[in-house]
2 protein chains.
Amino acid sequence: MARAQLDTLDYKILQMLSVNGRKPFLEIARECNVSGAAIHQRIQKLMSMGVLKGSECLIDPASVGYETCAYMGFFLKDPSRFDEVVEKLKAIPEVVEIHFTTGQYDMFIKLYAHNNDHLLHIIHEQLQGLGLARTESLISFKEVLKRQIPVSEPGD
Amino acid sequence: MARAQLDTLDYKILQMLSVNGRKPFLEIARECNVSGAAIHQRIQKLMSMGVLKGSECLIDPASVGYETCAYMGFFLKDPSRFDEVVEKLKAIPEVVEIHFTTGQYDMFIKLYAHNNDHLLHIIHEQLQGLGLARTESLISFKEVLKRQIPVSEPGD
DNA sequence: AGTGAAAATGGTGCGTC
DNA sequence: GACGCACCATTTTCACT
């Protein structure tokens, strides 16, 4: 998908909602000097275009028992079975990102685990048997920063 | 931070909000068979505890002009200056994650760029001069999956 | 901690420009 | 594409339990 044709108002809306997903439409309207109905229409347009894909609350992983965050690079025994491996990975709730990457690995994932033992358990019980030729892991001690992509107009 | 002491209702609320950050409190209340005021109180409690850290809308990166997603591992010339490097990285809006990792790298980041040229530009103009001894990059062609951490009660 | 009700605020559809 | 307005839903507060 290419860059969508969005105007200043669209970008302002996205910017505000990326900071606070529950920001009232009327508040956005006031800050943009337009009516609430206009914001309502814009948001529906952005949704139907697929630019806006919903919203999520932000949860502190450690508070809900996820102390370990890891990245893993995979080499597949049979790279043509990529889609099949993706489906099996999706079935593992601890896997939160899957990337198709250039160069170094066939596939790169991010996952959370309760602790290091749990991570090992996931690797042994769930990831092996997916037809992985080799894996490399990288464990994050601390996520120092986590934020959204910058939202700004082309000209900025 | 360790796992917070949360009960079934707290987990239900987090679960629902992690799927839809704008879900009305009254709807949550009805599904949990409690009053809207109770949900309101719980959410305030979860916020003040730092379990809930706000909400964000989900934006399709390509639609706002970010076609390239990359991960980079850094080796610092002087690892004791970690904090200083973190501050400088935070000033680069394209950098969306910073991790302190075990083993392989001193630091691991995720960043978005408009395209490969823009990525190279960021690496040359912004990342060099941070005192990096060596870097390794990994470019994501396609983010096949991106979702939240699983929210479930300890016993599940 | 939770409840119910009241007051304030917000979301949504529609006719109009 | 945006506006105003009307109607309904949601948020927030509060006295009470």
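Excluded from the calculations below are hydrogen atoms, water molecules and symmetry mates; all remaining heavy atoms, backbone and side chain alike, are included. Just so it is clear: chains get the letters A, B, ... in the order the sequence lines come, proteins before strands, and each one is counted from 1. Predicted, not measured: the structure shown is a model, and the values here were computed from it.
- Rounded to whole Å, atom C1' of dT12(C) lies 18 Å from atom CZ of Arg42(A).
- Here dA1(C) presents its P atom at 16 Å from CD1 of Ile43(B), a figure rounded to the nearest Å.
- Atom CE in Met49(A) sits about 10 Å away from atom P in dG1(D), given to the nearest Å.
- Residue Lys45(A) contributes atom NZ, which lies 12 Å from atom C1' of dA2(D) at whole-angstrom precision.
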Exercise for review: Sugar-phosphate means primed atoms, P, OP1 and OP2; the rest is base. With that split, encode nucleotides 5-17 of chain D 5' to 3' as B, S or - using protein heavy atoms under 4.0 Å.
Suggested key: -----BBSB----
Exercise for review: Given side-chain hydrogen bond (donor to acceptor under 3.5 Å, both in side chains), test Ser55(B) with Glu56(A) step by step and report yes or no.
Suggested key: CA-CA 6 Å; Ser55(B) 93; Glu56(A) 276 180 357; over 6 Å; no
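- Rounding to whole angstrom units, CD1 of residue Ile28(A) and P of dT9(C) are separated by 18 Å.
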Sequence neighbours excluded and cut-off under 3.5 Å, please list the side-chain donor-acceptor pairs for residues 22-29 of chain A, or say none.
{"from": "Arg22(A)", "atom 1": "NH1", "to": "Gly21(B)", "atom 2": "O", "distance (Å)": "2.7"}
{"from": "Arg22(A)", "atom 1": "NH1", "to": "Lys23(B)", "atom 2": "O", "distance (Å)": "3.2"}
{"from": "Arg22(A)", "atom 1": "NH2", "to": "Lys23(B)", "atom 2": "O", "distance (Å)": "3.1"}
{"from": "Lys23(A)", "atom 1": "NZ", "to": "Glu31(A)", "atom 2": "OE2", "distance (Å)": "3.0"}

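- Residues meeting the ring-ring contact (aromatic ring centres under 6.0 Å, His included) test with Phe141(A), sequence neighbours left out: none.
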Pairs under 3.5 angstrom only: tabulate donor-acceptor contacts from the side chains of residues 127-136 of chain B to other protein residues two or more places apart or in another chain.
{"from": "Arg134(B)", "atom 1": "NH1", "to": "Glu136(B)", "atom 2": "OE2", "distance (Å)": "3.4"}
{"from": "Glu136(B)", "atom 1": "OE1", "to": "Tyr105(B)", "atom 2": "OH", "distance (Å)": "2.5"}

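- In terms of the ring-ring contact (aromatic ring centres under 6.0 Å, His included) criterion, residue partners of His114(B) (sequence neighbours excluded) are, by chain and number, Tyr66(B), His118(B).
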Donor-acceptor contacts, no H, no angles, side chain residues 85-93 of chain B, under 3.5 Å, sequence neighbours left out:
{"from": "Lys88(B)", "atom 1": "NZ", "to": "Glu84(B)", "atom 2": "OE2", "distance (Å)": "3.4"}

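- Across all strands shown, Leu9(A) has heavy atoms under 4.0 Å from sugar-phosphate atoms exclusively, and none from any base.
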